[in-house]
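See below for the structure under consideration.
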There are 2 protein chains.
Amino acid sequence: MVRLSPVKACNDCPIRYRAVCAECDPDELAVLEQMKTYQTFETGAHLAAAGEDLDHFSSIVTGCATMSRTLEDGRRQTVGLLLPSDFIGRPGRGQSAFDVQALGPVTLCRFERHSFERLVRETPHIASRLMTMSLDELDAARDWAVVLGRMTAREKLAAFLVSLTRRFAQGAGGPRPGGGGVTLQLPLTREELADHLGLTIETTSRQMTALRKDGLIDLRPAREVFIPDFGALCAEAGEDGDGGPIV
Amino acid sequence: MVRLSPVKACNDCPIRYRAVCAECDPDELAVLEQMKTYQTFETGAHLAAAGEDLDHFSSIVTGCATMSRTLEDGRRQTVGLLLPSDFIGRPGRGQSAFDVQALGPVTLCRFERHSFERLVRETPHIASRLMTMSLDELDAARDWAVVLGRMTAREKLAAFLVSLTRRFAQGAGGPRPGGGGVTLQLPLTREELADHLGLTIETTSRQMTALRKDGLIDLRPAREVFIPDFGALCAEAGEDGDGGPIV
DNA sequence: CGGTTCATTGAGCCACATCAAGAAGTGTGG
DNA sequence: CCACACTTCTTGATGTGGCTCAATGAACCG
């Protein structure tokens, strides 16, 4: 389930300029390089469990994960989708408030709690980057609350596809915006999608079909989604269209 | 609408040990004391508007406010309820992502953006407190996403009352936990409550009535809510009952 | 005391949930 | 390459929680 794997040099790291280390200078990076280990997980592995002690932090290097909570009767809500460069763990608290689960094979860059917390205190570039990332996540969580609280099922789907496209576009290897359309690789099953959107799997599936029939998306094998007109999808998500294409 | 008002000494401040200044030592406090001004706002005043430039930060000293977004068609979702000691504004970004509106008379302790951002950089006690507060808000926002996405109207109401009781209990002058019950002063109208819960005003009102008829709460004049058995209300909110009374 | 805002209640409807059945992928062993 | 099992996805039929529309009641305030 969990394996240690060879560590890549930070300079070759795919998330070098987006993760907690983004603002580090070469000296600081050298310290991080000493501390880090790599771990790989299989699909479905639990990277953290709600209420469980966490003696480490990690950055996602490759793969995706969800952060979710499950109520006693089985209802589940995903509260965050973690992509490469996202951070797992909360400095100043030894427990995770949510379950974190790998959506596919995941590679983590891992730091032990005590040494990393000391590093944060002593390295303003890391502390400041962590602050920026937390505030971005806070904004994202609040944006998502608007979606969950006030949008229809169709709007939720559209908003999710738009948001995922934008997030992938910021990273590398994301959707290819060629020929007037974008291709998106969904990392979630319909059920995981439903848990993220606060819907049932059936409603999620029906709305995907509806968007397809309306020509807003094309559903392809292997969970690939083609978006012929990104602006049109944004409009479905109730956007005021002031943000140009993709970004 | 806005007025400057006489500044209180930090040592007499009701939020001295909960706001951004909580970890400051006397020297640091003296610097803050030089920088701060007080502002008072009337009910309904906009403390910030989504997309608007913000050249300052503030802490709520007294009163309550909501953070919300309104879609073009008028649907509104509140994404946060701000109580005394809560912070308004986001270091590193000059614009507010949400509307912030006073629920009643509000007093703010205000700092100008540039001088405060410099202070944050130079004062680890402030930076660290800001980090802790942001992470707490992030957890709260994610907790709320679970409520919005997966709970029934009745559970939403119960969860909100429970959460508000706990937040007031941490501050001063909150609910009085005397005689086997708690009295809670709601700072929101039914409409504001509905916007926070992702419901309509009618459903909100009906569920309040239902909770009253079931003996879980007592509705009193002036938006006062009496909770005879806090644990019973927690159970309605779908809590696993591992957190003792009130906290 | 009359205007205004806020809250409650009722009747009917609709978007989404639930229940149920297949269809389409995906992986494994022969 | 196929047969089989299993998971994922789609689609249909029906139920229902919360929304909409509408009216009345209660509280607040000049």
In B/S/- notation (B base, S sugar-phosphate only, - none; protein heavy atoms under 4.0 Å), nucleotides 15-22 of chain C written 5' to 3' is -SSBB---
Would you list the protein and nucleotides 1-4 of chain D atom pairs, both N or O, that sit under 3.5 Å from each other?
none

Under 3.5 Å, which N/O atoms of the protein pair with N/O atoms of nucleotides 23-26 of chain C?
none

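With a 6.0 Å cutoff to the six-membered ring centre and a 45° limit on the axis angle, A:R110 does not count as a cation-pi contact of A:F57.
Note on B:S205: a base of the nucleic acid sits closer than 4.0 angstrom, heavy atoms only. Among the heavy atoms of the strands lying under 4.0 Å from A:T189 are primed sugar atoms or P, OP1, OP2 only; no base atom is included. Nucleic acid contact for B:L219: sugar-phosphate only, since backbone atoms but no base atoms lie under 4.0 Å from a heavy atom of the residue.
Contact of the A:L184 side chain with the A:I217 side chain is not registered, since no non-hydrogen atoms from C-beta on lie closer than 4.5 Å. Residues A:L157 and A:T204 are in side-chain contact: their nearest non-hydrogen atoms beyond the backbone lie under 4.5 Å apart. By the 4.5 Å heavy-atom criterion applied to side chains, A:L82 and A:V100 are counted as neighbours. At a threshold of 4.5 Å between non-hydrogen side-chain atoms, the residues B:L161 and B:L186 count as touching.
Bending across the helix from C:dC1-D:dG30 to C:dG30-D:dC1, expressed as the angle between its end axes from five pairs apiece, amounts to 40° (10° rounding).
In this view, B:T203 and B:T200 satisfy the side chain to side chain donor-acceptor pair (under 3.5 Å) rule, not counting sequence neighbours. For the side chain to side chain donor-acceptor pair (under 3.5 Å) test, no residue two or more places apart in sequence or in another chain qualifies with A:T37.
Checked for salt-bridge contact, A:R220 and A:D218 meet the test: a charged N lies under 4.0 Å from a carboxylate O.
When each of B:R167, B:M67, B:E192 is checked for a side-chain contact (heavy atoms from CB on, under 4.5 Å) with B:L81, only B:R167 meets the rule.
Smallest separation of non-hydrogen atoms from A:L211 and A:A158: CD1-N, 4.4 Å.
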